[in-house]
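Written below as structure tokens is the structure these notes are about.
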Amino acid sequence: MWIGILLLVFNFFPSPGSDATSGDQLCTKESPDAHKVRISLDAALGNEAYEWDESEQFYFQATMAYGMRKSTNKTFNVSNVLICEETKRISFYFVVTNETSDVVRKDEVEKAIRMVRPRFNDAFSLDDKTLEFVGIEPTFVPATEPTVTVWLIVFGVVMGLIVIGLIVNIITGYKEKKKKARGSEGGGEENEDKTLKGIENGIYCNSLAGDKGQKNEAFCQDDDKLTQL
Amino acid sequence: MPRLVLPNPGLEDRILSYEELERKEVEEVDDRPKWDNKAQYMLTCIGFCVGLGNVWRFPYLCQSHGGGAFMIPFLILLVLEGVPLLHLEFAIGQRLRKGSVGVWSSIHPYLKGMGIASMLVSFLVGLYYNSIIALVMWYFYNSFQEPLPWSICPMTENKTGFVDECVRSSPVDYYWYRETLNISSTINDSGDIQWWLLLCLISAWAVLYVCTIRGIETTGKAVYITSTLPYLVLTIFLIRGLTLKGSVDGIKFLFTPKVEELANPTTWLDAGTQVFYSFSLAFGGLISFSSYNSVHNNCERDAVIISVINGFTSVYAATVIYTIIGFRATEKFDTCFDNNMLSLTNAFDLAETNLTRENYKDVLDYLNSTYPEKVSTLDLKTCNLQSFLSQGVEGTGLAFIVFTEAITKMPVSPLWSILFFVMLFCLGLSSMFGNIEGVLVPIQDMKVFPKKWPKELITGLICIVCFFIAFIFIINSGNYWLALFDTYAGSIPLLIIAFCEMVSVVYIYGIDRFNNDIKWMIGHKPNIFWQVTWRFISPLIMLVIFLFYFVIKVREKLTYIVWNPEYEDFPNLEEKLYPSWVTVVIVILAGVPSLAIPCTALYMFIRNRCRKNDDKQGLVHSTSVASVNGTQIKI
């Protein structure tokens with residue numbers, strides 16, 4: 001395992017060479033116009049990750065050339081894109097040369113990349129995070145704004161339900177009160193009879209007679225017969 | 001053993017005798033409201049007891065005081081403190097058949113202050129509690145969108161990047177502190193009313209009004225949903241939670257006992273206060289609810305059942321919460337680890353698959369020894385699962401920051417968000433029913449409004465007054481006010497009231513009379529457990545808790561934590577001292593309800609004395625003058 005780590009770190013595996021020999025001088029890590037690319041196939045595709053080989057590299061060069069063409073309307077070929085400093089990470093540096101074999105400036109390349117970024121990503125089934133151009137921030141997808149009013153809609157629905165509930169409650173309360181009023185009128189006489197009966201028979205007052213404590217005389221209306229001490 | 005009973009003349013006149021109660025029971029001449037069935041009563045009481053505290057206070061206490069070991073003080077104090085007090089309130093309400101003011105006035109007129117204190121506390125707590133429900137509703141309204149608004153940072157005006165405050169903290173923090181509360185950085189800086197919170201506050205009070213419009217007639221129907229839905233949602237979350245990665249770590253973290261915590265007195269104090277507040281005792285609501293029962297209802301069994309359910313709910317909710325917290329912690333840990341691995345891979349251009357979790361440490365050590373400068377520039381973070389798990393927050397922080405963050409990482413997040421906030425809403429609303437009851441019934445008992453005013457109108461008036469006062473919680477500094485009310489309004493006064501309740505019933509009403517009442521109501525005399533706890537153990541525990549709590553609160557510096565983007569340690573919350581005028585507010589919040597007890601007693605005493613003097617004077621001075629139709633006849 002340690003040997004493996006050592007090998008990893010020091011990149012003893014030969015990196016596949018780039019095409020043009022003169023490009024070796026133009027394409028270096030320290031070149032001010034070089035861009036670093038970092039590709040995370042495993043993170044993007046997992047088990048379906050393809051092998052990053054020479055053909056993929058060629059595809060990259062072709063797509064980059066396509067981007068330059070779109071951006072500058074000048075003729076760029078695969079040979080204009082020089083790749084170097086590849087690692088097992090899958091990361092590498094590249095520069096773009098024009099017809100006169102001069103290196104194209106960094107900001108022009110950047111412009112081209114930004115212009116065709118979505119197509120670039122799609123070409124490799126990757127996205128902004130897994131196909132990283134170090135130094136070029138991914139474009140933001142602007143958040144959809146109408147979300148502000150969703151909560152107002154829900155609020156409106158809830159308030160509508162509340163108002164309906166309120167109306168229903170008030171109406172049922174009113175109806176019940178009317179029913180009770182009508183009911184008590186009709187049953188009023190019966191109630192009177194009951195209470196009179198209670199007192200006339202002396203049941204109520206008798207039940208209090210045996211208790212300890214004071215009796216509240218006011219409740220006993222048929223007084224003399226039952227007064228006790 | 002001599003029974004200590006304070007002299008209480010005239011008690012018999014103030015309370016209904018057994019025969020009168022039987023008669024009222026049979027003939028149903030009482031116009032007092034009644035429960036439709038026993039289930040409504042139980043669900044209402046359970047709903048009142050089970051509230052937001054079960055979900056966001058108990059799990060935090062459990063985890064921070066030794067996990068499984070916390071169960072021991074919690075259960076002990078539940079049995080010795082919670083159940084006796086609950087039984088006492090149920091029994092006295094059922095026997096005297098009045099709300100809190102009526103019950104204590106009946107026991108002794110000087111004790112009216114206890115009812116008033118309960119009413120004031122219910123009022124203050126109800127104010128801020130419903131404001132929390134308003135915040136829950138705000139999150140509920142915003143849950144109907146994908147992606148959830150608190151899952152990503154918003155963009156700046158010119159769409160060049162994300163808002164700085166959000167990037168420095170996190171999307172959930174930003175959403176809570178900025179987009180919801182729009183919080184200022186001190187309590188002094190009041191700001192103005194946040195219109196979106198105003199709408200939510202309107203809906204919160206409107207829902208409450210609709211449900212309590214005719215007292216238990218309407219709340220009795222509402223509780224079928226508000227008391228049962230939380231259990232359903234908790235179960236759904238439990239099932240979902242257990243299928244998420246890392247949930248078992250959360251549960252293990254919660255319940256792993258640390259027995260040495262039991263030696264810490266704070267553990268016992270927190271357990272005692274949690275049991276006490278969790279049972280919603282001394283608010284007066286439970287006495288009212290119990291007074292609507294049939295007079296032979298078995299209140300002893302009810303008290304035990306409700307205590308058990310309350311305790312079980314606390315533990316159940318804690319389990320569910322910690323499955324989700326475990327999931328969140330694992331997610332954060334994984335992300336942290338993956339980020340570290342990515343930094344390392346990118347910096348040293350290692351092949352993607354070569355660096356794994358298993359060999360990470362070895363590779364890091366090797367690289368650190370060979371390229372230390374390069375490694376130190378990488379800003380590798382220490383990823384510790386335990387520290388993520390113990391980021392256990394309590395209160396609104398748990399619900400609105402930690403839990404919402406966890407939800408954003410679950411698939412189909414809007415559904416879980418909606419379910420969670422519906423559950424919080426139901427938990428809060430059912431507790432509010434009890435609070436409103438604790439405010440309304442004393443007002444009715446004290447005959448503040450004329451009798452012919454319909455109940456709907458009185459309830460509406462109370463709701464509107466509370467609504468306007470609650471504006472203080474929706475200004476920029478509203479959340480600081482909320483924390484203030486939470487800490488001081490509902491803590492000390494309740495302890496005092498509860499202690500006075502026990503003393504009043506046992507020593508002023510008379511434990512013998514109370515025992516006989518219960519024997520008459522449920523058929524058997526309360527056994528030795530109740531006797532011992534009512535007379536000695538529970539009042540003693542209440543006293544100890546109150547003293548410790550009071551001493552701790554008085555001695556600690558009055559500080560609060562603020563969200564200050566200019567703080568150098570941002571996004572950590574800054575701790576600030578309260579300005580001096582806040583001390584006055586605290587004294588009012590905690591002092592006025594507590595002082596209502598002695599002040600009302602004093603007032604009644606003075607009034608009694610004056611009346612006695614007047615009576616005496618009347619006897620001496622009045623002369624009978626014969627009069628026909630009011631004109632004196634001179635004989």
Side-chain angles (χ1 to χ4, degrees), chain A residues 1-2 4-6 8-9 11 13 38-43 49 85-92 132 134 137 140-144 146-148 150-155 157-159 161-166 168-170 172-174 176-177 191 194-195 198 204 207-208 211-214 216, chain B residues 10-13 17-20 22-23 27 29 137-149 152-155 159-162 196 199-200 202-203 206-207 209-211 213-214 217-218 338 342 345-346 348-355 359 362-363 366-367 370-371 418 454-456:
Chain A
M1 182 187 77
W2 286 104
I5 294 172
L6 277 171
L8 280 177
V9 173
N11 286 319
F13 298 96
R38 202 181 282 140
I39 296 182
S40 313
L41 285 174
D42 207 56
E85 310 276 355
E86 294 132 61
T87 64
K88 271 289 173 187
R89 167 69 180 83
I90 311 173
S91 68
F92 50 84
E132 233 184 301
V134 175
E137 296 305 324
F140 291 121
V141 177
T144 46
T147 51
V148 169
V150 169
W151 79 267
L152 279 173
I153 297 173
V154 184
F155 170 73
V157 168
V158 168
M159 285 307 286
L161 289 172
I162 290 173
V163 167
I164 293 174
L166 200 66
V168 164
N169 257 326
I170 292 180
T172 45
Y174 182 64
E176 270 187 33
K177 241 188 246 172
N191 281 344
K194 242 201 216 170
T195 49
Y204 178 38
S207 69
L208 281 179
D211 260 351
K212 56 184 188 289
Q214 296 176 334
N216 195 337
Chain B
L11 180 60
E12 299 273 331
D13 296 334
S17 71
Y18 297 160
E19 287 71 21
E20 287 163 355
E22 290 279 18
R23 192 182 67 93
E27 294 178 7
V29 294
M137 294 185 91
W138 162 255
Y139 268 77
F140 170 72
Y141 295 148
N142 277 289
S143 303
F144 285 86
Q145 41 191 298
E146 170 89 44
L148 292 168
I152 43 173
C153 278
M155 312 263 308
K159 306 256 189 273
T160 49
F162 295 123
W196 57 94
L199 291 181
C200 295
I202 292 176
S203 57
V207 167
Y209 179 54
V210 166
C211 290
I213 191 168
R214 279 199 303 282
E217 215 182 298
T218 40
D338 288 344
L342 195 65
T345 312
N346 285 349
F348 291 95
D349 284 318
L350 311 168
E352 267 185 288
T353 44
N354 280 24
L355 184 60
N359 62 15
D362 300 321
V363 174
Y366 173 74
L367 289 171
T370 38
Y371 302 98
I418 293 171
K455 197 165 188 173
E456 292 90 332

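Each chain gets a letter, A, B and so on, in the order its sequence line appears, and its residues count up from 1.
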Applying a strict 4.5 Å limit to non-hydrogen atoms, the region of B:Trp138 in contact with chain A is side chain
Correct closest heavy-atom pair for A:Asn169 and B:Arg214 would be O-NH1, 2.7 Å
Taking every heavy atom of A:Gly173 against every heavy atom of B:Glu456, the minimum-distance pair comes out as CA-OE2, 4.4 Å
Sorted by chain and residue number, the side chain to side chain donor-acceptor pair (under 3.5 Å) partners of A:Glu176 (sequence neighbours excluded) come out as none
Residues passing the side chain to side chain donor-acceptor pair (under 3.5 Å) test with B:Ser203, sequence neighbours excluded, are B:Tyr141
The reported gap from CZ in A:Arg38 to OG1 in B:Thr345 (rounded to nearest 0.5 angstrom) is 9.5 Å
To the nearest 0.5 Å, atom CH2 of A:Trp151 lies from atom CD of B:Gln145 at 11.0 Å
Answer key: most heavy-atom pairs under 4.5 Å with chain B among A:Val163, A:Val157, A:Ile162 is A:Ile162
Among A:Gly165, A:Ser91, A:Ser40, the residue with the most heavy-atom pairs under 4.5 Å to chain B is A:Ser40
When the 4.5 angstrom heavy-atom criterion is applied to A:Ile90 and chain B, the contacting part is neither
If one checks every heavy atom of A:Ile39 against chain B at 4.5 Å, the contacting part turns out to be backbone
Worksheet item: Considering residues, nucleotides and ligands other than A:Tyr174, do more than 12 of their heavy atoms fall under 6.0 Å from its OH?
Response: no
Comparing B:Leu199, B:Thr218, B:Asn346 against chain A, the one with the most heavy-atom pairs below 4.5 Å turns out to be B:Asn346
